[in-house]
J.: 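Dropping the structure in here first, questions after.
The first residue in the sequence is number 1, and the count goes up from there. Excluded from the calculations below are hydrogen atoms, water molecules and symmetry mates; all remaining heavy atoms, backbone and side chain alike, are included. One-based numbering, in listed order, for ligands and for the atoms of each.
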Amino acid sequence: MTSAALMPLTARRGGPLQGRARVPGDKSISHRALILGAMTVGESTISGLLEGEDVHHTAEAMRALGAAVERTGEGVWRVRGVGIGGFAAPRGVLDFGNSGTGCRLAIGAVAGSPITATFDGDASLRARPMRRVLEPLQRMGARVLAAADDGRLPLTLQGAADPYPIVYEPPVPSAQLKSAVLLAGLAAPGETTVIEAEATRDHTERLLKHFGAKITVKAHGDRGRRIILQGQPELEPASVIVPADPSSAAFPLVAALIVPGSDLILDAVMTNPLRTGLFKTLLEMGANMETLAVRDDGGEEVADLRVRASILKGVEVPAERAPAMIDEYPVLAVAAAFAEGRTVMRGLKELRVKESDRLAATADMLRVNGVEVTIEGDDLIVTGKGGGLGGGMVATHMDHRIAMAALVLGLASEQPVAVDDAAFIATSFPGFVELMRSLGAELA
Ligand code: S3P
């Protein structure tokens with residue numbers, strides 16, 4: 001996607017948000033299901049796949065690498081894979097659009113195949129760091145034949161015909177780095193080990209097990225994990241059910257908390273404990289949230305969440321919670337703008353290298369709408385005010401989550417809040433505007 005045709009959008013305060021909705025499938029699991037399906041000989045099926053632009057780019061890339069990827073119904077996809085190390089050299093450039101996850105995971109998968117492929121993306125993705133993922137993959141035998149400054153996209157990678165298994169300790173808590181190494185490790189003989197100082201989302205580990213790989217996960221220190229993958233497994237085709245994305249549920253959920261009189265139920269939201277930092281924080285802030293029906297949905301825990309408008313108070317969010325809510329800070333900052341007192345969000349360094357410099361973009365979003373906000377080092381500090389907010393035009397910087405967070409802010413502010421470009425919302429949450437309108441939101 002390009003931002004050539006900007007799609008401005010404005011949110012206004014209206015009546016309460018009410019009703020019941022299911023947000024689209026989890027983005028992280030959707031990318032992984034397509035990639036693992038493509039690395040498995042035989043036919044896998046995926047239901048509840050997120051049909052957003054990011055995931056479409058991954059599907060297209062898997063096709064270009066030789067897998068048969070077909071949509072057979074709404075959210076239902078069939079993947080006939082080529083096996084570990086079996087990717088074909090793609091004819092053109094693999095374009096990942098706005099998606100860091102799709103791109104970094106695919107780089108890992110290609111690193112274990114004896115082919116050469118060129119990876120590219122939009123201006124936002126071209127600005128994001130790739131050296132972090134290339135470093136371990138080069139140790140495994142992949143070669144970078146060309147790259148832009150500092151290893152960025154567009155880059156051409158030659159996969160290793162016989163990758164080495166490595167022991168890898170990611171320098172930053174990142175599920176993408178971990179996953180890239182594990183996907184490359186599938187083609188290596190022996191054990192590939194990833195030692196995480198802080199546990200990050202574990203969907204790759206869970207799905208690898210689901211597809212028949214031998215993988216063990218043990219505690220490492222207080223907050224970390226040691227993950228050991230046996231290379232060269234016989235993956236078996238699988239059926240994957242993708243649960244609703246908690247990172248997307250976060251937007252209607254926070255909207256319901258701050259729009260007076262709201263009462264919503266969000267169905268079947270994934271509650272994997274490595275993704276629920278936001279829910280925990282909102283409960284600490286005094287959110288009226290209930291978990292209605294907890295169940296297992298295809299290997300992940302899901303629950304229906306009931307959320308009602310609440311009086312919130314500011315809290316301190318510790319740095320160690322960041323991996324479990326890394327994508328949720330923009331919308332948490334919006335909740336904080338309506339809370340009593342200060343909310344201090346610590347340790348947000350990684351937010352600077354998301355789809356935008358999300359730390360700066362979040363602060364700017366609030367500031368132009370009258371919220372008192374400061375960045376101190378890697379901490380974001382928001383002083384809640386409740387009244388007198390809005391009236392600003394938010395620069396979204398090609399970042400879907402800044403766009404959605406700003407619109408949520410507008411639903412509860414006295415003055416409308418406009419975003420310069422809502423187009424990127426389609427990368428992760430197709431149907432966001434329609435879903436929010438169906439609950440009573442005024443977006444136009
Ligand atoms: C993701 C990991 C996170 C997150 C991204 C999805 C994943 O990125 O921000 O939206 O699916 O592995 P990092 O691994 O860079 O923290």
Side-chain angles (χ1 to χ4, degrees), residues 24-36 49-50 52-55 57-58 96-109 121 124-125 127-136 152 168 170-183 194 196-208 225 227 240 242-243 245-251 270 272 274-278 300 319-332 347-359 361-362 378 398-402 404-405 424-425 427-429:
D26 186 68
K27 180 156 74 67
S28 295
I29 297 180
S30 295
H31 287 297
R32 287 158 170 80
L34 286 170
I35 294 171
L36 280 173
L49 190 85
L50 167 63
E53 286 168 12
D54 279 9
V55 176
H57 281 292
T58 296
F96 287 90
N98 193 247
S99 177
T101 307
C103 185
R104 295 198 179 110
L105 266 53
I107 287 176
S124 154
L125 189 53
R128 298 181 67 183
M130 290 295 155
R131 198 186 279 284
R132 48 170 63 185
V133 71
L134 298 175
E135 188 274 325
R152 289 177 212 266
Y168 178 56
V172 288
S174 164
Q176 294 176 7
L177 292 194
K178 164 177 68 179
S179 302
V181 168
L182 292 174
L183 291 171
V194 180
E196 292 190 294
E198 291 179 69
T200 61
R201 63 190 72 193
D202 59 358
H203 309 302
T204 302
E205 296 90 305
R206 286 171 186 247
L207 279 177
L208 278 167
R225 292 193 171 171
I227 302 143
V240 177
V242 184
D245 193 330
S247 298
S248 295
F251 298 100
M270 177 166 62
N272 178 316
L274 292 167
R275 296 287 299 280
T276 47
L278 175 75
E300 290 282 3
E320 56 268 23
R321 199 176 291 166
M325 55 177 299
I326 193 65
D327 293 333
E328 280 66 79
Y329 286 100
V331 78
L332 174 64
L348 306 189
K349 192 164 178 225
E350 276 298 295
L351 280 197
R352 295 187 192 276
V353 291
K354 294 297 176 188
E355 284 81 334
S356 65
D357 175 345
R358 214 173 248 174
L359 186 51
T362 299
D378 296 329
M398 305 177 80
D399 188 330
H400 53 130
R401 297 199 202 283
I402 295 298
M404 288 186 278
F424 285 86
I425 292 174
T427 60
S428 71
F429 198 154

J.: Tell me which one of Glu355, Lys178, Arg32, Lys27 gets a heavy atom nearest to atom 12 (O) of ligand 1.
T.: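 Ranked by closest heavy atom to atom 12 (O) of ligand 1, first place is Arg32.
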J.: Under 4.0 Å, counting heavy atoms only: does His203 come that close to any atom of ligand 1?
T.: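 Contact check His203 vs ligand 1: negative.
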J.: For Arg401 and ligand 1, does the shortest N/O to N/O distance drop below 3.5 Å?
T.: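 Checking ligand 1 against Arg401, no N or O pair falls under 3.5 Å apart.
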J.: Please work out, at 4.0 Å between heavy atoms, whether the side chain, the backbone, both, or neither of His31 comes within that distance of ligand 1.
T.: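 Contact part for His31 vs ligand 1: neither.
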J.: Atom 16 (O) of ligand 1: which of Lys354, Glu350, Gln176 has the nearest heavy atom?
T.: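 Answer by nearest heavy atom: Lys354.
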J.: Atoms of ligand 1 less than 4.0 Å from Thr101 heavy atoms?
T.: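 Matching atoms, with element in brackets: 1 (C), 5 (C), 6 (C), 7 (C), 11 (O).
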J.: I want to know if ligand 1 touches Ser174 in the polar sense, i.e. an N/O pair below 3.5 angstrom.
T.: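 Ser174 vs ligand 1: N/O contact under 3.5 Å present.
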J.: Run the numbers for me: atoms of ligand 1, each under 4.0 Å from some heavy atom of Ala175, listed by number.
T.: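 Those atoms are 12 (O), 14 (O).
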J.: Below 4.0 angstrom from a heavy atom of Asp327, which ligand 1 atoms are there? Numbered from 1 as shown, please.
T.: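 Answer for ligand 1: 4 (C), 5 (C), 9 (O), 10 (O).
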J.: For Ser30 and Val55, indicate whether the former's side chain and the latter's backbone hold a donor-acceptor pair under 3.5 Å.
T.: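 Checking the backbone N and O of Val55 against the side chain of Ser30, no donor-acceptor pair under 3.5 Å is found.
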J.: Please confirm whether the backbone N or O of Lys27 pairs with a side-chain atom of Asp245, one donor and one acceptor, at under 3.5 Å?
T.: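 Yes, the answer is positive, given that a donor and an acceptor are paired below the 3.5 Å cut-off.
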J.: How far does CZ of Arg32 sit from CG of Leu34, to the nearest 0.5 angstrom?
T.: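 Answer rounded to 0.5 Å: 12.0 Å.
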J.: If only side-chain N and O atoms count, and only distance matters, is there a donor-acceptor pair under 3.5 Å linking Arg275 with Ser247?
T.: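 There is such a pair (donor and acceptor under 3.5 Å, judged by atom type) between the side chains of Ser247 and Arg275.
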J.: Just to be sure I'm reading this right: ignoring hydrogens, which of Ala322, Gly102, Ser28, Pro129 gets closest to atom 11 (O) of ligand 1? Compare them by their nearest heavy atoms.
T.: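 Comparing heavy atoms across Ala322, Gly102, Ser28, Pro129, the nearest one to atom 11 (O) of ligand 1 lies in Ser28.
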J.: What part of Arg201 sits under 4.0 Å from ligand 1 if we count only heavy atoms: the side chain, the backbone, both or neither?
T.: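 Arg201 to ligand 1: side-chain contact only, backbone stays beyond 4.0 Å.
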J.: Is it true that Lys178 and Thr204 share a donor-acceptor pair across their side chains at a distance under 3.5 Å?
T.: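 The criterion, which ignores hydrogens and geometry beyond distance, is not satisfied for Lys178 and Thr204.
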